[in-house]
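Worksheet: the structure to be examined is printed underneath.
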Amino acid sequence: MHIKQEMKGDVLVVALSGKVIGGPELMEVKEVFQKAVDQDKNKVLLNLGKVSWMDSSGLGVIVSGHTTLSRAGGALRILNATKKIHELFIITKLITIFETFTDEKEALDSFGE
Amino acid sequence: MHIKQEMKGDVLVVALSGKVIGGPELMEVKEVFQKAVDQDKNKVLLNLGKVSWMDSSGLGVIVSGHTTLSRAGGALRILNATKKIHELFIITKLITIFETFTDEKEALDSFGE
Amino acid sequence: MTVYPIELRLPSDVSVLEPLQLIIEAVGKSAEVEENDLSQLSVAVVELAKNAMEHGNKNDPEKIVTISFSIFPNRIRFLIDDEGSWEPEKALGFNPGEGKELLLTRGRGVLIARNLAKWVEFGLTPEGKTRVTLIWPLN
Amino acid sequence: MTVYPIELRLPSDVSVLEPLQLIIEAVGKSAEVEENDLSQLSVAVVELAKNAMEHGNKNDPEKIVTISFSIFPNRIRFLIDDEGSWEPEKALGFNPGEGKELLLTRGRGVLIARNLAKWVEFGLTPEGKTRVTLIWPLN
Ligand SMILES: Nc1ncnc2c1ncn2[C@@H]1O[C@H](COP(=O)(O)OP(=O)(O)O)[C@@H](O)[C@H]1O
Ligand SMILES: Nc1ncnc2c1ncn2[C@@H]1O[C@H](COP(=O)(O)OP(=O)(O)O)[C@@H](O)[C@H]1O
């Protein structure tokens, strides 16, 4: 798994790629969200477009990010979840709490509303 | 593994495809050679171009085919061995007893010489 | 035709998860599971293997998770055994996803495995250890 | 860093060869063996596994071949154990390929495994059973 971070306007875009399978790597993702809040960047767009494999551990970290960011008055939104990852959001009903996008501009704009 | 047979002039072209890994399948290949001799088709060109995996069991059957056909006054020649299969022929020195070709016409013509 | 199971014995350590995921997809491939379904199969099995390591074996790398699989003409059967002795009834009705539970960071593994694999059954081996059976139909 | 081995237990039956080939390539993949070298790795291991089934276990499906593998940073180590007790010296000098021997239909497995894997060592387990060690370097 790789993590790439980039500011676009006042939104932190975090792009994961590869396999999100568990172990110490997942802690890193959790820390990214915590650090974002610490630095007052609490609008985060998580790009999952290049994630080739993910299971419930990945979802757990995403939920924890959601909680961390919401509490700080921000939000975590999802970009480009593949069909299979989208299915996991549906199975677990997480789809009801996450806004998901397939267009980056639209996703970034949504934070301004 | 699949076996395809086709007469081209007086040469029987036997094309293997897929994995040549062992078990009852290998017996089938052996029988193809035996049957060819029984039917007086003892010039056989073995096309390995579509074999994705092969080990020493495959080589064993090819050697047995060589012996069967040579004894009947014919020959077994090899067409389109992939780089990896060619390497097996080199490692085992079988390259010294088999004529190998990368061009079908040339291979077919070689039987007439 | 007798079907002989192949057994995979894994120490309870996160380092095995990645090879495990690829191995399970290799098993699926050899049973001719469609390319596009392989990752769903591996997600389901890895979820259950993680549970076995974590809840059954308390992440003790000396404790083994055994995954045995048999490829039948119409299905693959996976048996996922750990060294714990769970009361399987606890698995019944476990289903987060309403109200506040939605925000728990865990508790989704069984739900996902059950949804992807259609048939996941919790039980015990004859020796009284936790055994999860997952059936993956082939067509 | 402790490296924990994963163990694969295979009944001595030809039906396991195809899943085994794919599983070994999955192991290679997870150790980042180059795509193009995967089939050489699987040929080498399958050759040795076939020998273990055939010569060690006399093709008795009740007898098990155990392949355990450990992925180290610079190599994968495979241990291929069967239930026989071979005198390993017999493996030394075994090398067909001269004169009449060239036309034998068998006897090429070890030669091929040794050439593809660079390091193949015959020995015995502490219990006196046949163990073949194959080391696949990683770069
Ligand atoms: N193999 C097992 N041994 C013991 N308990 C288990 C096992 N598998 C699942 N469980 C129990 O079922 C619960 C639900 O599992 P799961 O849905 O995967 O969520 P999580 O593992 O994230 O808690 C676990 O918290 C655990 O209590
Ligand atoms: N695991 C084993 N147990 C006992 N004998 C073995 C084992 N592996 C190899 N051998 C011996 O070494 C010989 C050479 O093996 P190999 O080169 O693979 O040729 P083949 O298996 O075709 O005879 C075998 O014929 C057998 O006598």
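Chain letters run A, B, ... following the sequence lines, proteins first and then strands; every chain starts at 1. Note: hydrogens, waters and symmetry copies are ignored here, and every other heavy atom, side chains too, is used.
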I'd like to verify something: which residue of D:Leu20, D:Leu8, D:Leu10 has the highest number of heavy-atom pairs under 4.5 Å with chain C?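 Maximum pair count with chain C is reached by D:Leu8.
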Got a list of the donor-acceptor pairs under 3.5 angstrom between chain C and chain D?
| residue | atom | partner | partner atom | Å |
| --- | --- | --- | --- | --- |
| C:Glu7 | N | D:Arg9 | O | 2.9 |
| C:Glu7 | O | D:Arg9 | N | 2.6 |
| C:Glu7 | OE1 | D:Arg9 | NE | 3.4 |
| C:Arg9 | N | D:Glu7 | O | 2.6 |
| C:Arg9 | O | D:Glu7 | N | 2.9 |
| C:Arg9 | NE | D:Glu7 | OE2 | 3.4 |

For C:Ala26, which residues count as a side chain to side chain contact (heavy atoms under 4.5 Å, CB included) partner, sequence neighbours excluded?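 Side chain to side chain contact (heavy atoms under 4.5 Å, CB included) check on C:Ala26 returns D:Leu22, D:Ile23, D:Ala26.
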